[in-house]
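Single-structure report; data block below.
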Number of protein chains: 2
Amino acid sequence: MARATRKIEILHAASKIVSERGIFNLTLEATAIEAGVSKGGLLYHFPSKEALVKGMVDHLAENYRDKIAASVAESANDKGKWIKSYADVTFNNPYPNKEMHAGLLAAKAVNSDLLDPIRTLYNEWQTKIEQDGIDPVKATIIRLATDGIWLSELFDLHHLGEERKEEVYLKLKNWIDE
Amino acid sequence: MARATRKIEILHAASKIVSERGIFNLTLEATAIEAGVSKGGLLYHFPSKEALVKGMVDHLAENYRDKIAASVAESANDKGKWIKSYADVTFNNPYPNKEMHAGLLAAKAVNSDLLDPIRTLYNEWQTKIEQDGIDPVKATIIRLATDGIWLSELFDLHHLGEERKEEVYLKLKNWIDE
DNA sequence: TTCACTATACTACCTGGACGGTTTTTTTTC
DNA sequence: GAAAAAAAACCGTCCAGGTAGTATAGTGAA
């Protein structure tokens, strides 16, 4: 089974390894085993390690873009819908974030250029966020604060308690409409 | 020459390699060469790679702690001096941030437990920031926004222009005293 | 004598990637 | 619609190169 799916299974396996065992354990063999495929099979889909990591980043960038776009689409067309969607998705979606973390770390380790799709995404969002009917500085601060949560989760540096996190989230949301 | 200094030179060399060439090029040999020391010499100071990375993290944590503490000390004892110092130092000090980036990435790659000193630091600051005379939620948002800048610089994801960055900085500062 | 190294050699292991198959699926031909 | 051909998807082994860490003998300074 699984035609186009195999590639994606392999990408998930790679992310899982990075998340659970760290970059240094992201080897072709380990990825193959985790994905339930042979090394040769893996190399058929991704002809090099760099190609594999590129696959991770491209995949997650596409996913994240869709996720935000979907959230924006179902918003009423009120002002601030981009920053609101960005904050919503990032605060409340542990899953794509995990993959994001793995992809970022892997790309940074293997070849920084592989981060370009994320940079593109970031620039797109920043533009939208700043041109969405609210003060761009305020919008940028909300965006940065959201990213701050991200940083903290990426390195597991500090757990805001759930209540504090919720308070922050609500205060940011209210601030948008102020 | 250079008694206690050599160790620190080695740590700087290691950070430089991580920053410029990425984690995978942080080998013992490369570090020794960059530091102008023999491999044996390096291993004399840091008996394993993990010890080296631990040295990086410990050193930068100490540095960062001092830096913030110094900034707090020279503040008038007005409310919000902790968050103000945190934002000041992080916004305006590209140097320790670079080392921080390298240390975080190296520790995350080699062994997440090595991040513990940073976690401790983070917890200390969060406590101080929340008990410093201003609304803790507001203080936390400022802290998160500051960290957002960090994330962006760490992966080189997006350059806020200098003006926009300055606007953000000023708006956050004003917000503290509001 | 000890400390802080240098220089070199060596081991044991791991990893990316090449390579030459084999099996499964799809397409074409009769 | 069955057989044949071709393409796609995959397997498993091998190897050159690199790496952490060990070992060892020696050097100069305090």
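Keep in mind that what you see is a predicted model, and the values were worked out from it rather than measured. Letters A, B, ... are given to chains in the order of the sequence lines, protein chains preceding strands, and every chain is numbered from 1.
Taking Trp175(B) as the reference, Trp175(A) meet the ring-ring contact (aromatic ring centres under 6.0 Å, His included) condition, with sequence neighbours excluded. Listed by chain and residue number, Leu28(B), Lys39(B) satisfy the side-chain contact (heavy atoms from CB on, under 4.5 Å) test with Leu43(B) (two or more places apart in sequence, or in another chain). Applying the ring-ring contact (aromatic ring centres under 6.0 Å, His included) test to Tyr122(B) and every residue at least two apart in sequence or in another chain returns nothing. The ring-ring contact (aromatic ring centres under 6.0 Å, His included) check on Phe46(B) picks up nothing, with sequence neighbours excluded.
Side-chain contact, Thr140(A) with Gln126(A): a donor N or O sits under 3.5 Å from an acceptor N or O. Under 3.5 Å, the side chains of Asn111(B) and Glu50(B) contain a donor-acceptor pair of N or O atoms.
Side-chain N/O atoms of His45(B) include one lying less than 4.0 angstrom from OP1 or OP2 on dC5(C). OP1 or OP2 of dA4(C) has at least one side-chain nitrogen or oxygen of Tyr44(B) nearer than 4.0 Å. Between Arg6(B) and dA4(C) there is no side-chain polar atom (N or O) within less than 4.0 angstrom of OP1 or OP2.
The aromatic rings of His59(A) and His12(A) sit perpendicular, their planes meeting at an angle over 60°, well past the 30° parallel limit.
Residue Leu43(A) contributes atom CG, which lies 8 Å from atom P of dA18(C) at whole-angstrom precision. As rounded to whole Å, 14 Å separates atom C1' of dG12(D) from atom CG of Leu42(A).
Near-neighbour residues of DNA chain D inside residues 22-39 of chain A, defined by a heavy atom below 4.0 Å, number-ordered: Val37(A), Ser38(A). A heavy-atom distance below 4.0 Å to DNA chain C is reached by none of the residues of residues 46-57 of chain B.
Without hydrogens or angle criteria, Lys108(B) side chain to Leu154(A) main chain gives a donor-acceptor distance under 3.5 Å.
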